[in-house]
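A short worksheet on the structure shown next.
Quantities reported herein were computed from a predicted structural model and do not represent experimental measurements.
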Amino acid sequence: MMYKNSRTVSKYLAGSFIALLLLAYVQSCKEKKQETAVDAMVKVQEEGDGFVSIFDGETLTDWKGDSTYWRVENGNLVGEVTPETLLKSNTFIIWQGGQPDDFELKLEFKIAESGNSGINYRSDLIDTIPNAMKGYQADIDGKRRYTGQNYEEKKRATLAYRGEKVIINSQDNPEVEGSLRANVKSNCWQSREVVGSLGESNSLKTKIKSEDWNEVHLIIKGNRLQHYVNGVLMSDVNDEDTINRKLKGYLGVQVHVGPPMKVEYRNIRLKNL
């Protein structure tokens, strides 16, 4: 009788142990599913910030430029000038997906010390020069002298040096032919007022990494143009020049006339405002 009861108890304990194991397994699966659901939700939230990738990291789909200077390599958009391909004029690769007006742009860049580049926006195409643009530019250079400033390519030249908050006005007598170029001296627009400081230029330079990846964030809304590098506001322009300013236009990146150089861009994302 005692032997029979012992077998019964053993069977009961064994069954209970298996049941506990099954319960633990089910609970573990449930928790994993919950974690997966949370991860998916976080991913959706991250992707739901309004930014859309405009460079796929594999092809030049939706981009137009001279293949002598532009290619995709290791997932990056690469612009390179060699001793055999020195430029006579600046050349761009231009996004074909539209002409943004109010937007935010985020991307990362890495540039050789000898390099000179920039991100053009709200720009026009130049019919007489292949793959050329004129318009606002978030300046980038390998020596970090100009990176972060607002320079208007083939137009009003420097609008804001790094560390400046400025108001831009039109030139006197804008109806007079040649008055635009006459208002540029020492590569800088003369009808501008510095109304605030974002920091000393050399101090801000220390926030920019040399020959390493940096993140640019442009916030372009109405007539206010803000250039951030690595989360730091480098220049802030209010363009009150209703004669010369642009409120929409093409987007592109540049390789500049000069010595052999290489610049790389990645994670190019655009959000329309």
### Task
Quick one: do Val255 and Trp70 satisfy side-chain contact (heavy atoms from CB on, under 4.5 Å)? Show the steps, please.
CA-CA 9 Å; Val255 285; Trp70 297 100; 3.9 Å; yes

### Task
For side-chain contact (heavy atoms from CB on, under 4.5 Å), just list the numbers for Asp102 and Leu247, CA-CA rounded to whole Å, side-chain angles, deciding distance to a tenth of an Å, and then say yes or no.
CA-CA 8 Å; Asp102 290 353; Leu247 296 178; over 6 Å; no

### Query
Can you check side-chain contact (heavy atoms from CB on, under 4.5 Å) on Val216 and Leu105, steps first, answer last?
CA-CA 8 Å; Val216 169; Leu105 181 76; over 6 Å; no

#### Entry: Asp141 and Thr147: CA distance, side-chain angles, deciding distance, side-chain contact (heavy atoms from CB on, under 4.5 Å) verdict
CA-CA 6 Å; Asp141 73 301; Thr147 302; 3.1 Å; yes

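Counting only residues at least two apart or on different chains, no ring-ring contact (aromatic ring centres under 6.0 Å, His included) pair has a member in residues 234-265.
Paired with Tyr69 under the rule side-chain contact (heavy atoms from CB on, under 4.5 Å), one option of Val78, Thr82, Thr85 passes, and it is Thr85. With Ile268 as the partner, the side-chain contact (heavy atoms from CB on, under 4.5 Å) test is satisfied by one option alone out of Val253, Ile54, Asp56: Ile54. Test Arg156, Arg192, Lys246, Arg224 against Asp239 for salt bridge (charged side-chain N to carboxylate O under 4.0 Å, His left out) and you get one pass: Arg156.
Counting only distance, with no hydrogens or angles, the side chain of Trp189 and the backbone of Asn169 share a donor-acceptor pair below 3.5 Å. Between the side chain of Asn214 and the backbone N or O of Asp212, at least one donor-acceptor pair lies under 3.5 Å. Of the possible polar contacts, none joining the Arg162 side chain to the Met234 backbone as a donor-acceptor pair under 3.5 Å is found. Side-chain atoms of Glu200 come within 3.5 Å of backbone N or O of Ser203 as a donor-acceptor pair.
The line from CD of Gln99 to CG of Asp124 is 8.0 Å long, rounded to the nearest 0.5 Å. Taking CD of Gln149 as the reference point, atom OG1 of Thr158 lies at 5.0 Å (rounded to 0.5 Å). With rounding to the nearest 0.5 angstrom, the CG atom of Asn267 is 12.0 Å from the CZ atom of Phe51. If you take CD1 on Ile93 and CZ on Arg71, they are separated by 11.5 Å, rounding to the nearest 0.5 Å.
For the pair Gln226 and Ile220, the tightest heavy-atom approach, listed with the atom from each and the gap, is N-CD1, 4.1 Å. The two residues Ile111 and Gly142 have their closest heavy-atom pair at CG2-CA, 3.7 Å.
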Side-chain polar contacts of residues 170-178 - donor-acceptor pairs under 3.5 angstrom, sequence neighbours left out - could you list them?
{"from": "Gln171", "atom 1": "OE1", "to": "Asn244", "atom 2": "ND2", "distance (Å)": "2.8"}
{"from": "Gln171", "atom 1": "NE2", "to": "Ser179", "atom 2": "OG", "distance (Å)": "3.1"}

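Under the 4.5 Å side-chain criterion, counting only non-hydrogen atoms from C-beta, Asn74 is not in contact with Glu264.
Under 4.0 Å is where a charged nitrogen must lie from a carboxylate oxygen, and between Glu73 and Lys110 no such pair does.
Taking the six-membered ring where tryptophan is involved, the planes of His227 and Tyr121 are perpendicular, since the angle between them exceeds 60° and thus also 30°.
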